[in-house]
Amino acid sequence: MRHFLFYERISGESFIVGEELFGDAAEAAEGIAREIGLDYNGGEFELMFIEELTEEEAEASGYDEY
């Protein structure tokens with residue numbers, strides 16, 4: 001599994017999505033960001049991909065992984 005780090009700009013939340021393909025991770029991240037947006041800004045969200053992390057970096061990051 002690969003680990004992709006995303007950032008939701010409005011809330012300031014960073015999170016990791018674990019998937020084999022970037023496209024699948026991006027799709028999942030959009031759903032997560034949409035839910036975050038509902039909590040912070042009436043459903044609006046601004047999602048940004050940061051980088052792909054190694055297994056070790058993902059473990060040490062402290063971010064939630066979905």
Side-chain angles (χ1 to χ4, degrees):
M1 178 181 328
R2 296 164 64 189
H3 309 277
F4 302 95
L5 178 61
F6 291 89
Y7 176 70
E8 198 290 307
R9 291 180 182 207
I10 295 171
S11 68
E13 279 198 49
S14 296
F15 58 91
I16 297 169
V17 176
E19 287 285 352
E20 288 299 322
L21 301 173
F22 175 77
D24 293 341
E27 187 176 318
E30 188 171 331
I32 294 163
R34 183 175 289 112
E35 288 188 28
I36 292 170
L38 288 171
D39 292 338
Y40 285 91
N41 197 27
E44 291 186 38
F45 63 93
E46 294 179 27
L47 182 63
M48 185 170 83
F49 169 70
I50 303 296
E51 64 182 330
E52 184 174 351
L53 302 175
T54 65
E55 181 77 29
E56 293 79 18
E57 290 170 329
E59 289 262 336
S61 72
Y63 295 128
D64 289 335
E65 183 164 354
Y66 301 92

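A pairwise comparison of heavy atoms in A58 and E65 identifies CB-OE1, 4.2 Å as the closest pair. The two atoms that bring E8 and A33 nearest to each other are CG-CB, 4.0 Å, heavy atoms only.
The other members of the hydrophobic cluster of V17, by chain and number, are F4, F6, F15, F22, I32, I36, Y40, F45, L47, F49, Y66 (side-chain heavy atoms under 4.5 Å, ILVMFWY only). Applying the under-4.5 Å side-chain rule to Ile, Leu, Val, Met, Phe, Trp and Tyr, the cluster around Y7 extends to L5, I16, M48, I50, L53, Y63.
Rounding to the nearest 0.5 Å places OG of S11 at 10.0 Å from CD of E46. A distance of 14.0 Å separates CD in E44 from CZ in R9, rounded to the nearest 0.5 Å.
Contact check for E20 versus M1: side-chain heavy atoms found under the 4.5 Å cut-off.
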Test side chain to side chain donor-acceptor pair (under 3.5 Å) on E57 and H3 and set out the steps. CA-CA 9 Å; E57 290 170 329; H3 309 277; over 6 Å; no
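With sequence neighbours left out, E52 forms a salt bridge (Lys or Arg N to Asp or Glu O under 4.0 Å) with R2.
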